[in-house]
Number of protein chains: 2
Amino acid sequence: MEFRQHPAVTLAEVAEAAGVGESTVSRVLRNHGSFSRETRDRVMEAVERLGYVPNRIAGTLASAGSRLVAFVIPSLSNIVFPDVLRGASSVLEANQHQAVFSVTDYDAEREEALVAAMLAWRPTAVMLAGFEHTEGTVRRLHASGCRVVEMLDLDGAALDLAVGFSNRSAGCTSADFLVKRGYRRIGYVGHDLTRDTRARKRFDGFCEALGSAGFALVDREICTGASSVESGRLGLERLLARKPDLDAVYFSNDDMALGGYFHCLAHGISVPSKLAVFGYNGLDIGRVTPQPLSTIRTPRVETGRVAAELVVTDAPPQVVDLGFELIEGATA
Amino acid sequence: MEFRQHPAVTLAEVAEAAGVGESTVSRVLRNHGSFSRETRDRVMEAVERLGYVPNRIAGTLASAGSRLVAFVIPSLSNIVFPDVLRGASSVLEANQHQAVFSVTDYDAEREEALVAAMLAWRPTAVMLAGFEHTEGTVRRLHASGCRVVEMLDLDGAALDLAVGFSNRSAGCTSADFLVKRGYRRIGYVGHDLTRDTRARKRFDGFCEALGSAGFALVDREICTGASSVESGRLGLERLLARKPDLDAVYFSNDDMALGGYFHCLAHGISVPSKLAVFGYNGLDIGRVTPQPLSTIRTPRVETGRVAAELVVTDAPPQVVDLGFELIEGATA
DNA sequence: ATGAAAGCGCTAACAC
DNA sequence: GTGTTAGCGCTTTCAT
């Protein structure tokens with residue numbers, strides 16, 4: 001297939017071809033202002049015939065908003081973020097907005113650099129994960145004047161809009177559940193908490209609730225790197241090597257918990273009678289494992305959807321708590 | 001937090017503040033052309049002081065390429081596509097390109113509409129999944145003159161650039177493997193093949209290779225909707241209800257296969273002695289299940305990476321076969 | 001109902 | 001080494 005080299009058709013050429021002025025073509029195309037039906041037909045005919053594709057770069061420069069929505073997210077490996085993008089994407093497409101994204105790899109410095117790069121596109125809004133940003137990020141966002149949505153967290157101060165749920169509270173709920181179920185020798189297997197601040201908040205909430213109930217975490221195993229099923233499996237193996245008599249383990253998320261669960265299956269450790277397993281996120285796969293995973297379901301797609309709606313409707317600054325749901329499952 | 005209302009700082013204001021001409025600021029900022037060290041410092045000082053953020057909308061309009069790369073992908077639920085985006089994203093960010101995306105939901109008509117919308121942003125390249133597009137999509141892409149990368153498939157004619165692996169061949173390889181292992185009563189559990197043309201190509205290749213070996217598929221179960229672990233589990237259950245004596249099942253991908261495997265675990269069906277399970281994709285989770293999943297590993301992240309590299313280097317039209325790898329696993 | 005013209009903020013010749 | 005200027009393709013007054 002050969003590709004044309006000659007420059008794209010412009011609005012001026014359409015105007016010329018239709019025998020009308022440029023502004024008339026513009027009005028017809030955006031269906032804004034007034035024009036006769038006959039003019040409209042002539043313009044549309046020319047548009048069709050020439051294969052005209054409006055240039056939104058030029059349009060954006062000439063008018064106001066870019067209708068570009070910038071997502072600066074920590075990761076694409078963790079299904080949480082594709083889920084959020086998915087929820088947002090449908091709303092944005094339906095409202096003629098365009099999603100743009102970059103990945104920070106849970107690095108706040110990188111986030112700052114990526115936000116800075118995004119702002120050069122003059123987006124309508126910047127969508128971030130959580131409340132922990134560098135001073136520079138906040139300053140740039142502030143100066144940009146564009147809307148900001150902080151997603152997937154509620155434990156902190158919002159810059160503008162925030163949509164999500166409380167991670168700390170999810171951690172508390174998890175601990176309360178395990179305690180209520182009678183588990184006493186509880187351990188934790190998690191991934192790098194220094195970068196994933198929301199996982200840290202869950203952990204903190206979990207420990208706090210455990211403390212309030214008069215108990216304490218027996219031991220914890222922190223795996224380096226991102227969360228993964230494999231890390232969960234290895235982490236549990238290591239934790240049990242140190243503390244074989246644990247009766248329950250709280251994992252930093254479902255990926256990790258599935259790894260732990262698989263470890264139990266593979267080693268004949270009865271779940272939950274010998275060891276209970278509890279996760280976080282409520283991934284679909286956890287509903288279909290031989291024993292459904294006990295976990296917390298988070299509204300990830302919904303978070304994206306609501307975040308996008310707030311942006312396209314230019315809603316006033318607000319915090320939207322979408323909550324979460326405990327799934328009892330069969331592993332705890 | 002309050003957001004500023006006054007318009008963003010412009011290059012002209014920076015020039016004024018630094019006491020130099022606009023083009024000098026432009027040169028300094030893009031580090032292109034010549035200017036004295038002293039001038040550079042004065043400009044940078046003004047940039048810092050005013051908090052100037054270059055406007056890439058204006059920059060793009062004035063110069064050549066937008067450095068926007070448009071991904072029009074079938075889904076974000078299927079981890080395949082986030083993986084591709086991930087691979088591409090790192091390369092694009094390192095080369096000052098910006099990723100934009102839309103989701104077609106495996107609908108060719110939607111793909112056409114989304115490609116049309118994308119082209120209005122005058123992207124450097126449009127990245128698509130596979131070779132099956134509507135005539136309109138092809139026409140628009142052709143007329144746009146922008147680069148096109150068709151990813152994750154090799155069985156078909158490329159429009160411009162193509163990066164991936166042969167799905168048909170992967171299907172063949174899977175069948176050959178099962179036959180070589182001695183399985184004879186083989187079934188298939190898949191998701192909607194009319195929309196996911198790559199899954200169909202795998203299926204076709206599988207059946208063909210089975211035929212060449214002198215065997216035929218005993219039965220198949222096609223689940224409606226997208227692939228999922230749950231569909232795989234239900235699909236296998238239904239298939240076994242009809243054909244209890246199957247000795248192996250080929251699934252449309254790892255999600256489906258995991259569902260099937262979980263069904264076996266839950267119902268005491270020995271894998272692989274009673275029933276073998278074979279998937280596609282080589283997801284990490286399949287490496288950590290009690291028995292590692294037998295499957296085909298596909299280079300998804302690599303596909304995204306290479307696709308992005310071809311685009312940023314403006315490579316000539318070509319087809320890049322990244323191949324795939326059989327993982328023997330323990331479920332077949 | 002429609003056209004002319006002035007930008008939007010920047011880059012790229014082209015002069016000096 | 002640096003400034004001036006003419007666009008890039010569109011939207012948006014403002015006339016008519």
Side-chain angles (χ1 to χ4, degrees), chain A residues 6-44 46-47 50-68 96 119-124 144-146, chain B residues 6-44 46-47 50-68 96 119-124 144-146:
Chain A
H6 62 93
V9 179
T10 67
L11 183 144
E13 299 177 67
V14 173
E16 163 102 69
V20 300
E22 297 187 29
S23 50
T24 300
V25 176
S26 179
R27 285 189 203 100
V28 170
L29 255 26
R30 287 174 307 118
N31 192 33
H32 183 279
S34 52
F35 42 82
S36 72
R37 175 150 186 77
E38 190 210 356
T39 300
R40 197 194 74 94
D41 294 342
R42 279 230 305 291
V43 168
M44 293 314 281
V47 164
L50 301 180
Y52 172 66
V53 178
N55 184 334
R56 284 188 72 159
I57 297 281
T60 298
L61 183 60
S63 65
S66 68
R67 293 188 161 243
L68 237 27
Q96 286 81 251
L119 290 176
W121 289 103
R122 300 294 188 266
T124 296
S144 76
C146 80
Chain B
H6 62 93
V9 179
T10 68
L11 183 144
E13 299 178 66
V14 173
E16 163 103 67
V20 301
E22 296 188 28
S23 51
T24 299
V25 176
S26 179
R27 286 189 201 99
V28 170
L29 255 26
R30 287 175 305 121
N31 194 33
H32 182 279
S34 51
F35 42 82
S36 72
R37 177 151 185 74
E38 190 210 355
T39 300
R40 197 194 74 92
D41 294 343
R42 279 230 306 290
V43 169
M44 294 314 281
V47 165
L50 301 180
Y52 172 65
V53 178
N55 184 333
R56 284 188 72 159
I57 297 281
T60 297
L61 184 60
S63 66
S66 68
R67 293 187 162 245
L68 238 27
Q96 286 82 250
L119 290 175
W121 288 103
R122 299 295 187 267
T124 296
S144 76
C146 80

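Please read these numbers as outputs of a predicted model, since none were measured by experiment. Every chain is numbered from 1, with letters handed out A, B, ... down the list of sequences.
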task = Drop me the distance from Glu16(A)'s CD to Glu22(A)'s CD, to the nearest 0.5 angstrom.
result = 10.0 Å

task = For the side chain of Ser36(B), starting at C-beta, report the closest nucleotide among dG3(D), dC10(D), dG1(D).
result = dG1(D)

query = Looking across every strand, which nucleic acid part, if any, lies under 4.0 Å from Thr39(B) by heavy atom: base, sugar-phosphate, or nothing?
reply = sugar-phosphate

task = Return yes when atom CD of Glu13(B) has more than 12 non-hydrogen atoms of other residues, nucleotides or ligands closer than 6.0 Å, and no otherwise.
result = yes

request  = Figure out the CG/C1' separation between Leu11(A) and dT11(D), and round it to whole Å.
outcome  = 9 Å

query = Roughly, in whole Å, what's the span from CG in Leu29(A) to P in dT12(D)?
reply = 13 Å

message = Quick check for you: to the nearest 0.5 Å, what is the distance between Arg42(B) atom CZ and Phe35(B) atom CZ?
response = 13.5 Å

ask   = Atom CD of Glu22(B) and atom P of dC10(C): how far apart are they, to the nearest Å?
value = 8 Å

query = Is any side-chain N or O of Ser34(A) under 3.5 Å from a base N or O of dT2(C), one able to act as donor and the other as acceptor?
reply = no

ask   = In whole angstrom, what separates Leu61(B)'s CG from dA6(D)'s C1'?
value = 13 Å

query = In whole angstrom, what separates His32(B)'s NE2 from dT2(D)'s P?
reply = 16 Å

query = Counting any heavy atom closer than 4.0 Å, what does Arg56(B) reach on the DNA or RNA strands: base, sugar-phosphate only, or nothing?
reply = nothing

ask   = Quick one: the side chain of Ser23(B) and the base of dG3(D), do they pair up donor-acceptor inside 3.5 Å?
value = yes

request  = Kindly say if Arg30(B) contacts the phosphate of dA12(C), meaning a side-chain N or O under 4.0 Å from OP1 or OP2.
outcome  = yes

inquiry  = Using side-chain heavy atoms (C-beta onward) and a distance below 4.5 Å, is Asn31(A) in contact with Arg40(A)?
reply    = no

Nucleotide dC8(D), atom P - distance to CG of Asn55(B) in whole Å = 18 Å

ask   = Are any of Thr24(B)'s side-chain N or O atoms less than 4.0 Å away from OP1 or OP2 of dG3(D)?
value = yes

key: Atom-to-atom span, CG of Asn31(B) to P of dT11(C) - whole angstrom   = 13 Å

inquiry  = If you compare all heavy atoms of Asn55(B) against all heavy atoms of Leu61(A), which two are closest, and at what distance to 0.1 Å?
reply    = ND2-CD1, 4.5 Å

ask   = When the nearest nucleotide of DNA chain D is assigned to Ala12(A) and to Gly21(B) on a heavy-atom basis, which residue is associated with the more 5' position?
value = Gly21(B)

request  = Would you mind reading off the distance between Glu13(A) atom CD and dC10(D) atom C1', rounded to a whole angstrom?
outcome  = 13 Å

query = Does any N or O donor sit under 3.5 Å from an N or O acceptor when you compare the side chain of Arg27(B) with the base of dG3(D)?
reply = yes

request  = Give a yes/no answer on whether the side chain of Thr60(A) brings an N or O atom under 4.0 Å of OP1 or OP2 in dC8(C).
outcome  = no

